[in-house]
Student: 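Sharing a structure, written as structure tokens. Questions coming.
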Amino acid sequence: MSDKKMNNGKKNWEKSVDATIKRFPERKNPFTTSSGIEVERLYTSESDHLGFPGHYPYTRGIQPTMYRSRFWTMRQYAGFGSAVETNKRFRYLLEQGQTGLSVAFDLPTQIGYDSDDVMAEGEVGKVGVAIDSLEDMEKLLDQIPLDKVSTSMTINAPASVLLCMYIAVGQKQGVPLEKLTGTIQNDILKEYIARGTYIYPPKPSMRLITNIFEYCQENVPKFNTISISGYHIREAGSNAVQEAAFTIANGMAYVDAAIESGLDVDTFAPRLAFFFNAHNNFFEEVAKFRVARRIWAKIMKEHYKAKNEKSWKLRFHTQTGGSTLTAQQPDNNIVRVTLQALAAVMGGTQSLHTNSRDEALSLPTEESARIALRTQQIIANESGIGDTIDPLGGSYYVEELTDRMEKEVNAYLDRIKEIGGAVQAVEEGYMQREIQQNAYEIQKGIEKEEEIIVGLNKFKLDEEINPDLLKVNEELEQAQIKSVEEIRGQRNNADVSRALEAIRVAAKTEDVNIIPFILDAVKVYATIGEICNVMRDEFGEYTGI
């Protein structure tokens, strides 16, 4: 970078810092170490080619002041049993200092079945909360002010239905739609690739996603309409390069679909969000986050010709690596999660979930969830790593890793482009095969002890530790089934029939946005299964490649 360009870049960054501080004052002044040594806002060199935080291509972070102004959102993922039980956990975590909600849904909800459906038997409330109708969503969010709390929902195939339930609760609370904030995952491509909770084939699924983009742009402008997820790609066995590459490729597919539906890129791209994993190789994870920001910025500016700078910024949530946790010596997982959380923060995440120590064995207990939250709070308030922006920027190792990973990610993107894009690559099974091969190599390394997992294949105990575990009440399923039956008996079923038929008609017409019709059905207490079954009838079901 020339001296003139460097000086101009620094001046522009300083102006953006001043503007940011007016909106979000820095947390303290001055920032110092425990020995009283002042910590500068940013460390850089006169020949720095990296650019500046908050400026294209955002290698060093998307905000000019990053955590000096405010910490990342501490958004702990929670959900189990009934809506009432999960609401208690939400309120407990908020009381403990959590700053955003993140909802885990049970498997029947994730694939659009009511709790009394034969397909739901044995799974109700087991891996998340059961949500059958608007009544359950009302109970889930009871006494939680939706104009003040941001909510993330990990839901994909039936994302349109859960979003409408959330909107309906907000309206019942009297919250203007323009004040509702949060995120729906709404990322169906990674379901075909890695996770499996899909319902409809790719084409109608992509239509639902772009319908959500369009509806929220006009009605719920602060809601993030998709969280393009590398997390589950990594959990399925990918490496860091594959996670970044396949996530970005999927993101491009969603942008393409939205543009093809008639939306201007700058009307929806600022609300796109991403979701990444954080694993144990600390510096590689930091480099991965830097690479993802840089590549996405270049794609949005140079390929899609987006004009709005917000369209260039890759905003992301991070969750620590569930697949890295061991059932053996579960307290070791606290250390793993701490390292992974540090990598996410050093990499510039916007929000973070820290896994609990017992998640390889069960859903987390209240104590384990509190320790996981405290991990973030200690990093934020005691470590000092948020006192300067991009503390690892300029590290020879990190910058070399970043450059090398950028080349490898781009090589994957070029290959996917040759295939015909992410949707075609999914349909041909390309990404699935790449992940499966990498997962196989990882497992071989663990079995041969080439990859050491403490407590699993080395440093084992003769007698395993058996912690207290959370057990979901087996009676919950019958109680939830009874609740669904009562809803069907109490509501106006003629209104429900009319609303479901309106969804059917809308589904038949390609250029009709289906979301308002789903919202109408939700408001008269149509169930998630009834709504999804109408769309199953019209769209069909995906059965894999």
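Bear in mind the structure is a predicted one, so any value in this text is a computation, not a measurement.
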Student: Report the distance from atom CD of Glu123 to atom OG1 of Thr109, rounding to the nearest 0.5 Å.
Tutor: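 The OG1 atom of Thr109 is 11.0 Å from CD of Glu123, to the nearest 0.5 Å.
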
Student: side-chain contact (heavy atoms from CB on, under 4.5 Å) for Gln185 and Ser152? Distances and angles first, verdict last.
Tutor: CA-CA 8 Å; Gln185 194 161 96; Ser152 173; over 6 Å; no

Student: Carefully, step by step, assess Thr354 and Gln376 under the rule side-chain hydrogen bond (donor to acceptor under 3.5 Å, both in side chains).
Tutor: CA-CA 7 Å; Thr354 34; Gln376 293 200 52; 3.3 Å; yes

Student: Quick one: does any side-chain atom of Arg75 pair with a main-chain N or O of Leu101 as donor and acceptor, under 3.5 Å?
Tutor: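 Yes; at least one donor-acceptor contact below 3.5 Å.
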
Student: Quick one, Gln96 with Arg374, criterion side-chain hydrogen bond (donor to acceptor under 3.5 Å, both in side chains). Give me CA distance, side-chain angles, the key distance, then yes/no.
Tutor: CA-CA 9 Å; Gln96 296 301 312; Arg374 293 288 183 258; 2.4 Å; yes

Student: Crowded around Glu501 CD? As in, over 12 foreign heavy atoms under 6.0 Å?
Tutor: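 Yes, because the 6.0 Å sphere around CD of Glu501 holds more than 12 heavy atoms from other groups.
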
Student: Quick check: do Leu272 and Phe213 have side-chain heavy atoms less than 4.5 Å from each other?
Tutor: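 The answer is yes, as the side chains (C-beta and beyond) meet within the 4.5 Å cut-off.
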
Student: Are Glu285 and Lys288 ion-paired here, with the side-chain N under 4.0 Å from a carboxylate O?
Tutor: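 Salt bridge: yes.
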
Student: Roughly how far apart are Ile212 CD1 and Gln217 CD, rounded to 0.5 Å?
Tutor: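 Reported value, rounded in 0.5 Å steps: 13.5 Å.
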
Student: Are Lys88 and Glu85 within salt-bridge range, i.e. N to O under 4.0 Å?
Tutor: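 The answer is no: the pair does not qualify as a salt bridge.
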
Student: Let me see the working for Asp136 and Ser82 under side-chain contact (heavy atoms from CB on, under 4.5 Å), right down to the final yes or no.
Tutor: CA-CA 8 Å; Asp136 290 322; Ser82 70; over 6 Å; no

Student: Carefully, step by step, assess Gln110 and Asn156 under the rule side-chain contact (heavy atoms from CB on, under 4.5 Å).
Tutor: CA-CA 7 Å; Gln110 290 181 48; Asn156 295 284; 5.9 Å; no

Student: Can you name the residues that form a side chain to side chain contact (heavy atoms under 4.5 Å, CB included) with Thr210, not counting sequence neighbours?
Tutor: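 Only Ala257, Ala258, Ser261 meet the side chain to side chain contact (heavy atoms under 4.5 Å, CB included) criterion with Thr210.
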
Student: Looking at Thr365 and Ser368, would you say the former's side chain and the latter's main chain have a donor-acceptor pair under 3.5 Å?
Tutor: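 Yes: the side chain of Thr365 pairs with the backbone of Ser368.
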
Student: Taking the side chain as every heavy atom from C-beta outward, state whether Gln76 and Leu373 have any pair of such atoms under 4.5 Å apart.
Tutor: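 Yes, close enough: below the 4.5 Å cut-off.
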
Student: In chain order, what residues pass the side chain to side chain contact (heavy atoms under 4.5 Å, CB included) check against Glu138, with sequence neighbours excluded?
Tutor: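 Once residues adjacent in sequence are excluded, the partners of Glu138 under the side chain to side chain contact (heavy atoms under 4.5 Å, CB included) criterion are Leu134, Glu135, Val169, Lys172, Tyr525.
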
Student: From the options Ile435, Asn277, Leu189, Asn239, select the one residue that forms a side-chain contact (heavy atoms from CB on, under 4.5 Å) with Ile233.
Tutor: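 The residue from Ile435, Asn277, Leu189, Asn239 that satisfies side-chain contact (heavy atoms from CB on, under 4.5 Å) with Ile233 turns out to be Ile435.
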
Student: Taking Glu530's backbone N and O only, do any of them form a donor-acceptor pair with Thr527's side chain (distance below 3.5 Å, no angle check)?
Tutor: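 Judged by distance alone, yes, a pair lies under 3.5 Å.
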
Student: Kindly assign one of parallel, tilted or perpendicular to the pair Phe246 and Tyr430, based on the angle between their ring planes and the thresholds 30° and 60°.
Tutor: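 The arrangement is perpendicular - the two ring planes meet at more than 60°.
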
Student: Using a 3.5 Å distance criterion without hydrogens, assess whether the side chain of Asn87 forms a donor-acceptor pair with backbone atoms of Ala83.
Tutor: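 It does not hold such a pair.
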
Student: A side-chain contact here means heavy atoms from C-beta on lying under 4.5 Å apart; do Tyr542 and Tyr192 qualify?
Tutor: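 Counting from C-beta outward, Tyr542 and Tyr192 do come under 4.5 Å.
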
Student: Evaluate whether atom CD of Glu475 has more than 12 neighbouring non-hydrogen atoms of other residues, nucleotides or ligands under 6.0 angstrom away.
Tutor: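 Counting neighbours around CD of Glu475, 12 or fewer heavy atoms of other residues, nucleotides or ligands fall under 6.0 Å, so no.
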
Student: Are the charged groups of Arg498 and Asp495 less than 4.0 angstrom apart, N to O?
Tutor: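 Yes, this pair counts.
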
Student: Quick one: are Arg504 and Glu538 in side-chain contact, heavy atoms under 4.5 Å?
Tutor: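 Yes; the side chains approach each other to less than 4.5 Å.
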
Student: Of all residues at least two apart in sequence or in a different chain, which pass the ring-ring contact (aromatic ring centres under 6.0 Å, His included) check with Phe274?
Tutor: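 For Phe274, the residues satisfying ring-ring contact (aromatic ring centres under 6.0 Å, His included) (neighbours in sequence not counted) are Trp296.
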
Student: Between side-chain atoms of residues 173-183 and protein atoms elsewhere (two or more places apart, or another chain), which donor-acceptor pairs fall under 3.5 Å?
Tutor:
{"from": "Gln173", "atom 1": "OE1", "to": "Leu146", "atom 2": "N", "distance (Å)": "3.1"}
{"from": "Gln173", "atom 1": "NE2", "to": "Ile144", "atom 2": "O", "distance (Å)": "3.0"}
{"from": "Thr183", "atom 1": "OG1", "to": "Asn224", "atom 2": "ND2", "distance (Å)": "3.0"}

Student: Distance-only check: which donor-acceptor pairs under 3.5 Å involve side-chain atoms of residues 319-331, not counting sequence neighbours?
Tutor:
{"from": "Gln319", "atom 1": "NE2", "to": "Tyr231", "atom 2": "OH", "distance (Å)": "3.3"}
{"from": "Gln319", "atom 1": "NE2", "to": "Asn355", "atom 2": "OD1", "distance (Å)": "2.9"}
{"from": "Thr320", "atom 1": "OG1", "to": "Asn355", "atom 2": "N", "distance (Å)": "2.8"}
{"from": "Thr320", "atom 1": "OG1", "to": "Asn355", "atom 2": "ND2", "distance (Å)": "3.3"}
{"from": "Ser323", "atom 1": "OG", "to": "Glu235", "atom 2": "OE2", "distance (Å)": "3.1"}
{"from": "Thr324", "atom 1": "OG1", "to": "Gly321", "atom 2": "O", "distance (Å)": "2.6"}
{"from": "Thr324", "atom 1": "OG1", "to": "Gln340", "atom 2": "NE2", "distance (Å)": "2.9"}
{"from": "Thr326", "atom 1": "OG1", "to": "Gln328", "atom 2": "O", "distance (Å)": "2.7"}
{"from": "Thr326", "atom 1": "OG1", "to": "Arg336", "atom 2": "NH1", "distance (Å)": "3.3"}
{"from": "Gln329", "atom 1": "OE1", "to": "Asn332", "atom 2": "ND2", "distance (Å)": "3.1"}
{"from": "Gln329", "atom 1": "NE2", "to": "Phe459", "atom 2": "O", "distance (Å)": "2.9"}
{"from": "Asp331", "atom 1": "OD1", "to": "Arg357", "atom 2": "NH1", "distance (Å)": "3.2"}

Student: Working to the nearest 0.5 angstrom, can you tell me the gap between His232 NE2 and Thr154 OG1?
Tutor: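 If we round to the nearest 0.5 Å, His232:NE2 and Thr154:OG1 are 6.0 Å apart.
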
Student: Can you tell me if Asp266 and Ser311 form a side-chain donor-acceptor pair at under 3.5 Å?
Tutor: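 Short answer, yes.
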
Student: Is the backbone of Pro270 close enough, under 3.5 Å, to the side chain of Arg315 for a donor and an acceptor to pair up by distance?
Tutor: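 Yes; judged by distance alone, with no hydrogens or angles, the pair exists.
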
Student: Step by step, work out the side-chain contact (heavy atoms from CB on, under 4.5 Å) result for Ile419 and Glu428.
Tutor: CA-CA 9 Å; Ile419 292 170; Glu428 293 185 12; 3.7 Å; yes

Student: Using atom types as modelled and distance alone, determine if a side-chain donor or acceptor of Asp187 lies under 3.5 Å from a backbone N or O of Ser229.
Tutor: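 Yes, Asp187 side chain to Ser229 backbone: donor-acceptor pair under 3.5 Å.
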
Student: Test: salt bridge (Lys or Arg N to Asp or Glu O under 4.0 Å). Region: residues 197-223. Which pairs qualify, not counting sequence neighbours?
Tutor: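 Counting only pairs at least two positions apart or across chains, no salt bridge (Lys or Arg N to Asp or Glu O under 4.0 Å) contact touches residues 197-223.
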
Student: Do Ile193 and Asn250 come within less than 4.5 Å of each other through their side chains, counting heavy atoms only?
Tutor: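 Answer yes - side chains close enough.
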
Student: Under the 3.5 angstrom rule, does the side chain of Thr349 hit a backbone N or O of Val345 as a donor-acceptor pair?
Tutor: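 Between the backbone of Val345 and the side chain of Thr349 there is no qualifying donor-acceptor contact (under 3.5 Å).
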
Student: What is the distance from atom CD1 of Ile514 to atom CD1 of Ile503, rounded to the nearest 0.5 Å?
Tutor: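 Between Ile514 CD1 and Ile503 CD1, I get 6.5 Å after rounding to 0.5 Å.
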
Student: Between Arg488 and Asp116, is there a salt bridge with N-O shorter than 4.0 Å?
Tutor: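 Counted as a salt bridge, because a side-chain N and a carboxylate O are separated by less than 4.0 Å.
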
Student: Within the structure provided, determine whether Ile188 and Ile209 are in side-chain contact (heavy-atom separation under 4.5 Å).
Tutor: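 Side chain of Ile188 against side chain of Ile209, heavy atoms only: contact under 4.5 Å found.
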
Student: Determine whether a donor-acceptor pair (N or O, by modelled atom type, separation under 3.5 Å) exists between the side chain of Lys508 and the backbone of Val505.
Tutor: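 Between the backbone of Val505 and the side chain of Lys508 there is no qualifying donor-acceptor contact (under 3.5 Å).
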
Student: Main chain of Pro201, side chain of Ser205: is a donor-acceptor contact present, judged purely on distance under 3.5 Å?
Tutor: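 Yes, Ser205 side chain to Pro201 backbone: donor-acceptor pair under 3.5 Å.
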
Student: If we only count heavy atoms from C-beta on, is the Asp106 to Val129 side-chain gap below 4.5 Å?
Tutor: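 The answer is no, as the side chains (C-beta and beyond) never meet within the 4.5 Å cut-off.
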
Student: Consider ring pair (Phe, Tyr, Trp, His ring centres under 6.0 Å). Of Phe289, Phe275, Tyr77, Phe276, which one does His317 pass it with?
Tutor: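 For His317, the ring pair (Phe, Tyr, Trp, His ring centres under 6.0 Å) check succeeds only for Phe275.
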
Student: Indicate yes or no: at least one non-hydrogen side-chain atom of Ile226 is less than 4.5 angstrom from one of Ile184.
Tutor: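 No, every pair of side-chain atoms sits at 4.5 Å or beyond.
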
Student: Test your reading of the model: is there a side-chain donor-acceptor pair from Gln478 to the backbone of Leu476, 3.5 Å cut-off?
Tutor: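 A pair under 3.5 Å: no.
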
Student: Consider only side-chain N and O atoms of Ser115 and Asp132, and report whether a donor and an acceptor are under 3.5 Å apart.
Tutor: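 There is such a pair between these side chains.
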
Student: For the atom pair CD1 (Ile481) and CD (Glu486), what is the distance rounded to the nearest 0.5 Å?
Tutor: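 Rounded to the nearest 0.5 Å, the CD1-CD separation comes out at 12.5 Å.
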
Student: Taking atom OG1 of Thr99 and atom CZ of Arg70, what is their separation to the nearest 0.5 Å?
Tutor: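 Thr99 OG1 to Arg70 CZ: 10.0 Å, rounded to 0.5 Å.
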
